[in-house]
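It should be emphasised that the depicted structure is a prediction, and the values quoted were computed from it without experimental measurement.
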Amino acid sequence: MHHTYGPDALAPVTLDRREGPYGEVVLRRRSDDFEIIANGCFLMDTSDGRSERLLIDAALAALPADRPAPAVLIGGLGVGFSLARAAAEPRWGRIAVVEREQAIVDWHLGGPLAGISGEALADPRTGILTADLVAHLRTTTERYDALCLDIDNGPDWTVTEDNGNLYSPAGLADCLRCLTPGGVLAVWSAQPSAAFEEALRDAGFHGVRTEEVGVARGVPDVVHLALRAE
């Protein structure tokens, strides 16, 4: 997720506002960019998608080059940058997206964000499930080669309290179970978290590391990476 700041930013225009099972979600336009806000928390915008793309690129790079048609689960549709990046890479065999907010899905399916995600959503490899990510990881029998998760501003800054379960020992155990041997977990964050890195190791992941990407506001976004043993 990515934030836009600055004294010269234009006043936003609200395009849609909805109350859902997890609270309020709002889509705004600021000049040529779109912004998503949930429960008053500024989640992301379309001004700079480098870190969202890194989430996908880093996960793919961490997989063995000879792994055929790996399956990726993207947790959080957001403004669509991660999905678009995955669909632009022919190596992915299956692209599953889990998004709990129906409003966000609607904004992509013929709505204001379709210009970012339209081609990716039309890709036959892509499927969208409108569900809570934490619940999906806990109950699914599907297995993925990569989990690319971006539902908060990081493990230390969750959008809703329940999202904290994803980063708990139980949530990380679910992530580990949902990965194929040698699979990779990639988690977006607005800042590094040494405590989360330690939690990943405690959960049984190895090769834990953090990649940074510079953004316009000066504080690097990061992607936490961890591998399941072969």
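Note that the CD1 atom of Ile95 and the CZ atom of Arg125 stand 4.0 Å from one another [nearest 0.5 Å]. Leu200 CG to His206 NE2: the interatomic distance, rounded to the nearest 0.5 Å, is 12.0 Å. To the nearest 0.5 angstrom, Glu212 atom CD is 10.5 Å from Leu54 atom CG.
A cation-pi arrangement, defined by a distance under 6.0 Å to the six-membered ring centre and an angle within 45 degrees of its axis, is absent between Arg228 and Phe205.
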Mind running side chain to side chain contact (heavy atoms under 4.5 Å, CB included) on Val105 and Leu109 for me, showing each step along the way?
CA-CA 6 Å; Val105 175; Leu109 294 176; 3.5 Å; yes
Stepwise, does the side chain to side chain contact (heavy atoms under 4.5 Å, CB included) test hold for Leu121 with Asp123?
CA-CA 5 Å; Leu121 289 171; Asp123 192 305; over 6 Å; no
Do Glu99 and Thr130 pass the side chain to side chain contact (heavy atoms under 4.5 Å, CB included) test, and can you show the C-alpha distance, the side-chain angles, and the key distance before you say yes or no?
CA-CA 5 Å; Glu99 171 56 60; Thr130 306; 5.9 Å; no
Using the rule given for side chain to side chain contact (heavy atoms under 4.5 Å, CB included), can you reason through Asp150 versus Met44, listing the C-alpha separation, both sets of side-chain angles and the distance that settles it, and then say yes or no?
CA-CA 10 Å; Asp150 182 7; Met44 59 172 56; 3.8 Å; yes
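Heavy atoms from other residues, nucleotides or ligands lying under 6.0 Å from CD of Glu119 number 12 at most. Crowding of Asp202 atom CG: a count of heavy atoms from other residues, nucleotides or ligands under 6.0 Å exceeding 12.
Although no hydrogens or angles enter the test, the distance criterion places a donor-acceptor pair under 3.5 Å between the side chain of Thr126 and the main chain of Ala120. Between the side chain of Ser189 and the backbone N or O of Pro192 there is no donor-acceptor pair closer than 3.5 Å. Under the 3.5 Å distance criterion, the side-chain polar atoms of Asp33 are left unmatched by any main-chain donor or acceptor of Glu35. Side chain of Asn39 to backbone of Glu24: a donor-acceptor contact under 3.5 angstrom is found. A donor-acceptor pair is defined here as one N or O able to donate and one able to accept, closer than 3.5 Å; no such pair exists between the side chain of Glu101 and the backbone of Ala103. Side chain of Thr46 to backbone of Phe34: a donor-acceptor contact under 3.5 angstrom is found.
Across Leu227 and Gly182, no two heavy atoms sit closer than the pair CD2-O, 4.5 Å. When all heavy atoms of Thr140 and Cys178 are compared, the pair lying nearest together is CG2-SG, 3.7 Å. When all heavy atoms of Ala186 and Leu55 are compared, the pair lying nearest together is O-CD1, 3.6 Å. Counting all heavy atoms, side chain and backbone alike, Ile104 lies closest to His108 at O-CD2, 3.1 Å. Nearest heavy atoms, Ala146 versus Trp92: CB-CH2, 3.8 Å. Listed here is the closest heavy atom pair of Ala226 and Val208: CB-CG2, 4.0 Å.
Ion pair Arg94/Glu142 flagged as a salt bridge, since at least one NZ, NE, NH1 or NH2 atom sits closer than 4.0 Å to an Asp/Glu carboxylate oxygen. Under the 4.0 Å criterion applied to side-chain N and carboxylate O atoms, Asp174 and Arg138 are not assigned as salt-bridge partners. Salt-bridge check for Asp106 with Arg18: passed, with a basic side-chain N closer than 4.0 Å to an acidic carboxylate O.
Counted by atom type alone, Ser47 and Arg30 present zero donor-acceptor pairs between their side chains at under 3.5 Å. Residues Thr210 and Glu197 bring a donor and an acceptor atom of their side chains to less than 3.5 Å of each other.
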Please list, one pair per line, the donor and acceptor atoms closer than 3.5 Å that link side chains of residues 71-87 to other protein atoms, with sequence neighbours excluded.
from: Ser82; atom 1: OG; to: Glu52; atom 2: O; distance (Å): 2.9
from: Arg85; atom 1: NE; to: Asp57; atom 2: OD1; distance (Å): 3.1
from: Arg85; atom 1: NE; to: Asp57; atom 2: OD2; distance (Å): 3.1
from: Arg85; atom 1: NH2; to: Asp57; atom 2: OD2; distance (Å): 2.8

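Contact check for Val134 versus Tyr167: no side-chain heavy atoms found under the 4.5 Å cut-off. For the pair Cys148 and Val223, the minimum side-chain heavy-atom distance is 4.5 Å or more. By the 4.5 Å heavy-atom criterion applied to side chains, Leu129 and Val97 are not counted as neighbours. Taking the side chain as every heavy atom from C-beta outward, Val184 and Leu179 never approach each other to under 4.5 Å. In this structure, the side chains of Arg67 and Asp145 come closer than 4.5 Å at one or more pairs of heavy atoms. Using a 4.5 Å cut-off on side-chain heavy atoms (C-beta onward), Arg177 and Leu137 make no contact. Side-chain contact between Val25 and Ile37 is absent, with no heavy-atom pair separated by less than 4.5 Å. With a 4.5 Å cut-off on side-chain heavy atoms, Pro64 and Glu230 count as touching.
The aromatic rings of Tyr144 and His136 sit tilted, their planes meeting at an angle between 30° and 60°.
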